[in-house]
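See structure below.
These values consider heavy atoms only, across backbone and side chains, with no hydrogens, waters or symmetry-generated copies.
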Amino acid sequence: MSIYVGQCGVEKSGNYLLFRIIKSLLPDIDSYQSYSNITGCWDSLMKMNDTDLSFPELESMDEFRIDDDQTLYHLNSHFKASFSIWDMKSYESKTALLWTHQPPNKSHFTVLKEPRYWFYIIRDGRDVVNSWLHYAVSPRMLKRHPQYKINNVEELYSNIQYFKDCANRWCDHVTQYLRFKDKYTLILFENLIDNKFDTIARIADKLGVKNVQLFNNAYERTQIEETKKEAPLHVRKGKKSDWTNHFTFKHKDIFKKIAGNTLIEFGYEESNNW
């Protein structure tokens, strides 16, 4: 029987790491398939930009967004291109692993009819914001957006309104998850760093994978150094608490006012270091 999976998380929360773990488990139980691969819908675009892929799996990833609670779009995050999918049943049956950065909402479960195992990944919001700011001034992003005039992270950190917007974006996304938390298995990025084997075992158990060797395979395939080697344009450090090297007292105070209670809600109060 085919297994259908969905994953959701705000950008820079470890979504790619979770994707690699799930994908490494699904083929071993003969379940992984990709709409993008089957249809070849991104082939021509990929050929034009094959030297600048964020990560090697990009051309086979099935990312989606649902607008107006009814229209589903199949996306490619590299090109920011989209098109409507009209044959919903065909789309769902050809997509073993869907993922989205769109905040959780009811349309993810009403428009997508195929039963799926849904995962939500969360990461300390301070690390998410820090990762966003570094990514925004990375050589790859500056090459894509030459109109940007800021080219170092310290200068971007000095843009307090941008920092506030990022903090609010993280807070809004994870707060929205709480409305639908009964539909997801929650995965903490920090557990994938500190307690990776047990977290992979938990994911595998949810998917019905019982073979211990498969846990080992997923563990080895997703070591952070291996992931960085294969996706150097996307993975910077893959560590926790790097925010402490960049937040000033002012940044700490702003983030605490915007999302301090939300951090506590998700169990991050022990690492506040305010």
Trace of the salt bridge (charged side-chain N to carboxylate O under 4.0 Å, His left out) decision for Asp127 with Lys12 = CA-CA 9 Å; Asp127 273 324; Lys12 313 309 291 182; over 6 Å; no
Taking the side chain as everything from C-beta on, heavy atoms only, tell me whether [X] gets closer than 4.5 Å to [Y].
X	Y	value
Thr185	Tyr117	no
Glu92	Leu112	yes
Trp243	Lys252	yes
Asp194	Thr199	no
Val129	Leu133	yes
Ser158	Phe163	no
Thr95	Ser34	no
Leu186	Lys181	no

With salt bridge (charged side-chain N to carboxylate O under 4.0 Å, His left out) as the test, would you mind laying out the steps for Asp62 and Lys94 before giving the verdict?
-> CA-CA 10 Å; Asp62 291 334; Lys94 293 176 181 176; over 6 Å; no
Using modelled atom types and a 3.5 Å cut-off, is there a donor and acceptor pairing between side-chain atoms of [X] and backbone atoms of [Y]?
X	Y	answer
Asn152	Val137	no
Trp99	Met61	no
His101	Gly9	yes
Arg123	Ser13	no
Glu63	Thr100	no
His251	Tyr157	yes

How long is the span from the [atom1] atom in [X] to the [atom2] atom in [Y], to the nearest 0.5 Å?
X	Y	atom1	atom2	result
Phe247	Ile254	CZ	CD1	9.5 Å
Lys113	Ser93	NZ	OG	15.5 Å
Leu98	Cys8	CG	SG	11.5 Å
Ser31	Leu26	OG	CG	5.5 Å
Tyr219	Leu192	OH	CG	11.0 Å
Lys250	Ile160	NZ	CD1	4.5 Å

Go through Asp242 and Asn245 one step at a time and tell me if the side chain to side chain donor-acceptor pair (under 3.5 Å) criterion holds.
-> CA-CA 6 Å; Asp242 186 51; Asn245 297 317; 2.9 Å; yes
State whether a side-chain donor-acceptor pair under 3.5 Å links [X] with [Y].
X	Y	answer
His74	Tyr91	yes
Tyr120	His173	yes
Ser131	His134	no
Asp165	Asn168	no

So with a 6.0 Å cut-off around CG of Asn261, is the heavy-atom count from everything else above 12?
-> no
Hey, is CZ on Phe109 packed in by over 12 heavy atoms from elsewhere, all under 6.0 Å?
-> yes
Would a hydrophobic clustering, with Ile, Leu, Val, Met, Phe, Trp and Tyr connected at side-chain separations under 4.5 Å, put [X] with [Y]?
X	Y	value
Leu188	Tyr184	yes
Ile21	Ile193	yes
Ile38	Val5	no
Ile121	Tyr4	no

Phe189 ring centre to Lys240 NZ or CZ under 6.0 Å, with the angle to the axis within 45°?
-> no
Quiz item: cation-pi between Arg65 and Tyr73, 6.0 Å / 45° = yes
Check the orientation of [X] and [Y]. Use parallel for under 30°, tilted for 30 to 60°, and perpendicular for over 60°.
X	Y	value
Trp118	Phe64	perpendicular
Tyr177	Phe266	tilted
Tyr32	Phe19	perpendicular
Trp170	Phe255	tilted

With side chain to side chain contact (heavy atoms under 4.5 Å, CB included) as the test, would you mind laying out the steps for Ile122 and Ile187 before giving the verdict?
-> CA-CA 6 Å; Ile122 188 173; Ile187 303 295; over 6 Å; no
Apply side chain to side chain contact (heavy atoms under 4.5 Å, CB included) to the pair Ile22 and Leu18, showing each step before the final yes or no.
-> CA-CA 6 Å; Ile22 296 173; Leu18 179 59; 3.9 Å; yes
Could you pull out the closest heavy-atom pair between [X] and [Y], with the gap in Å?
X	Y	answer
Leu263	Gly125	CD2-N, 3.9 Å
Gln102	His108	OE1-NE2, 2.9 Å
Ser107	Ile66	O-CD1, 3.4 Å
Asn15	Gln7	O-NE2, 3.0 Å

Applying side chain to side chain donor-acceptor pair (under 3.5 Å), run through Tyr268 and Glu190 and close with a yes or a no.
-> CA-CA 10 Å; Tyr268 289 111; Glu190 291 76 16; 2.7 Å; yes
Let me see the working for Lys257 and Asp253 under salt bridge (charged side-chain N to carboxylate O under 4.0 Å, His left out), right down to the final yes or no.
-> CA-CA 6 Å; Lys257 288 177 179 177; Asp253 186 58; 3.2 Å; yes
